[in-house]
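Please read these numbers as outputs of a predicted model, since none were measured by experiment.
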Amino acid sequence: MTSSVLNKLNSKPASLPRHMSRFWGKLIAYIGMAILALIFMIPIFWMLSTSLKQRWEIFAWPPQWIPQNPYWENYVEAFTRYPLGRFMMNSGILVVVNIIGEFISVPLIAYGFARKRFPGKNTLFIIMLGTMMIPGHVKLIPLFSLYYRLNLLDTYWPLILPSFFGSPFFIFLMVQYMKTIPYELDEAARMDGAGTWTILYRIILPLCVPPLTIILVYTFWWTWNEFLHPLIYLNTFDTFTIQLGLAFFKGRYSVEWNLFMAATLVSIVPVLVIYFFLQKRLIGGIASVGLKG
């Protein structure tokens, strides 16, 4: 009798079934991620709330997250006061041309560094990586002087030409990814009579979807949000980008926060759409490049 009682006391409690433990683990993880998502979405919620308020409601205390009478006319006034649609179209043109330029230049340069052998390749690659350490502000005056001598100021050329020479960051990513592709594919293609261009565009590039996705998203993001370079090189009002257009809502002594938030919210919609449709490929591409590189 005593031994049976001791055995019961010393026996461990029955553990939960494996599927139940997995369920609770996933549930806790999803709840934590949902809380973090809500925390990170607070600025966007506040931006939407402010864009639907009148000026006297913005600094009211206590603050109201949901306006009693949403003032949708802020969006109409923001787009009628300044040609934001034209500014967004200008930014869209720059985005498309810069993406095309990166897609043309980066694979060509990366293919040479990753798959070809030529004298001084390692030295050139190190020099190319070294350019990433030069602060962008150091290059502003020399580039401005260069474009001034070429009579390219107040045009889109200073904002487009660099992409056709390839970004060192994108070249580095593409080189690291191409190095993981077996060389046997190149040799087999050459035995079948394929040339360099055929190997690059029909064999190598179809396998480089992850880094190409990173190039697409990052080029879109950087070009769309660029403010300094358009401010320096563009002078004509009709050629301004959306980031320059948003700056018009900031006066010398005050800011029209309701109109500014309405215009800003509309301006970030393309970025959110791109990320929504490409988030799986983008996250998978970053992970694969990081692991394979």
Side-chain angles (χ1 to χ4, degrees), residues 35-99 136-137 140 144 153-160 217-279:
I35 294 174
L36 287 176
L38 290 175
I39 292 174
F40 285 111
M41 288 290 289
I42 286 176
I44 296 180
F45 292 152
W46 182 253
M47 186 185 304
L48 176 61
S49 175
T50 305
S51 68
L52 296 176
K53 294 179 181 178
Q54 300 189 39
R55 298 188 64 177
W56 61 270
E57 295 180 296
I58 297 174
F59 298 102
W61 189 262
Q64 294 182 350
W65 283 91
I66 302 177
Q68 295 182 354
N69 298 314
Y71 196 71
W72 295 98
E73 287 77 4
N74 288 334
Y75 289 87
V76 178
E77 185 176 354
F79 273 81
T80 53
R81 181 171 298 188
Y82 301 106
L84 298 181
R86 176 63 182 268
F87 296 157
M88 293 180 69
M89 184 182 68
N90 295 338
S91 295
I93 294 173
L94 292 176
V95 165
V96 172
V97 177
N98 276 281
I99 290 175
H137 297 81
L140 286 179
F144 184 87
L153 296 182
D154 200 19
T155 66
Y156 288 147
W157 287 112
L159 308 176
I160 292 173
V217 175
Y218 275 58
T219 303
F220 184 97
W221 177 31
W222 290 342
T223 306
W224 187 267
N225 292 331
E226 182 64 47
F227 175 79
L228 181 60
H229 288 88
L231 178 65
I232 293 174
Y233 297 121
L234 299 180
N235 298 320
T236 305
F237 184 78
D238 291 337
T239 62
F240 285 174
T241 61
I242 182 61
Q243 300 304 324
L244 295 181
L246 294 178
F248 287 116
F249 293 98
K250 181 180 179 181
R252 185 173 183 180
Y253 301 105
S254 63
V255 180
E256 298 180 279
W257 289 108
N258 51 349
L259 303 182
F260 179 64
M261 291 299 176
T264 304
L265 191 62
V266 174
S267 69
I268 66 175
V269 169
V271 180
L272 296 178
V273 171
I274 289 293
Y275 180 77
F276 177 79
F277 285 103
L278 296 178
Q279 58 177 333

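- The 12-atom threshold is exceeded at CH2 of Trp46, counting heavy atoms of other residues, nucleotides or ligands nearer than 6.0 Å.
- Put simply, OH on Tyr82 and CG on Leu259 are 9.0 Å apart, with the number rounded to the nearest 0.5 Å.
- For the atom pair Thr219 OG1 and Ile99 CD1, the distance stands at 6.0 Å (nearest 0.5 Å).
- Atom CH2 of Trp221 has 12 or fewer heavy atoms from other residues, nucleotides or ligands within 6.0 Å.
- By the side chain to side chain contact (heavy atoms under 4.5 Å, CB included) test, Val96 pairs with Ile100, sequence neighbours left out.
- Panel note: side chain Ser91, backbone Met88; no donor-acceptor pair is recorded below 3.5 Å.
- Here the OG1 atom belonging to Thr223 is positioned 9.0 Å from the CZ atom belonging to Phe220, to the nearest 0.5 angstrom.
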Trace of the side chain to side chain contact (heavy atoms under 4.5 Å, CB included) decision for Leu265 with Val269: CA-CA 7 Å; Leu265 191 62; Val269 169; 5.6 Å; no
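- No donor-acceptor pair closer than 3.5 Å links the side chain of Thr50 to the backbone N or O of Met47.
- Considering all non-hydrogen atoms of both residues, Phe227 and Pro230 come closest at O-CD, 3.5 Å.
- One finds the CE atom of Met261 at 13.0 Å from the CD atom of Glu256 (value rounded to the nearest 0.5 Å).
- Evaluation of the salt bridge (charged side-chain N to carboxylate O under 4.0 Å, His left out) test over residues 68-77, restricted to residues two or more places apart or in two chains, returns Glu77-Arg81.
- The CG atom of Leu159 lies 5.5 Å from the CG atom of Leu94; values are rounded to the nearest 0.5 Å.
- Among all heavy-atom pairs drawn from Pro43 and Phe40, the shortest one is CD-O, 3.3 Å.
- Of the possible donor and acceptor atoms, none in the side chain of Trp224 sits under 3.5 Å from a partner among the backbone N and O of Ile268.
- Residues that satisfy the side chain to side chain contact (heavy atoms under 4.5 Å, CB included) test with Leu153, not counting sequence neighbours, are Phe144, Tyr147, Tyr148, Tyr233.
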With a 3.5 Å cut-off and sequence neighbours excluded, list the donor-acceptor pairs that the side chains of residues 234-242 form with protein atoms.
residue: Thr236; atom: OG1; partner: Asp154; partner atom: OD1; Å: 3.2
residue: Thr236; atom: OG1; partner: Asp154; partner atom: OD2; Å: 2.7
residue: Thr239; atom: OG1; partner: Thr236; partner atom: O; Å: 2.7

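- With a 6.0 Å radius and a threshold of 12 heavy atoms from other residues, nucleotides or ligands, Ile66 has its CD1 atom at or below the threshold.
- Ile42 has its side chain within reach of Trp65: a pair of non-hydrogen atoms, C-beta onward, lies under 4.5 Å apart.
- Considering OH of Tyr75 and CG of Asn258, their distance stands at 10.5 Å, rounded to 0.5 Å.
- By the side chain to side chain contact (heavy atoms under 4.5 Å, CB included) test, Pro67 is found to be paired with Ser49, Leu52, Lys53, residues two or more places apart in sequence or in another chain being considered.
- Leu228 pairs by the side chain to side chain contact (heavy atoms under 4.5 Å, CB included) definition with His137, Leu140, Glu226, Ile232, not counting sequence neighbours.
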Set out, in order, the CA-CA distance, both residues' side-chain angles and the distance that settles side chain to side chain contact (heavy atoms under 4.5 Å, CB included) for Phe79 and Val266, then state yes or no. CA-CA 10 Å; Phe79 273 81; Val266 174; 3.5 Å; yes
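- Between Leu246 and Phe87, the closest side-chain pair of non-hydrogen atoms is not below 4.5 Å.
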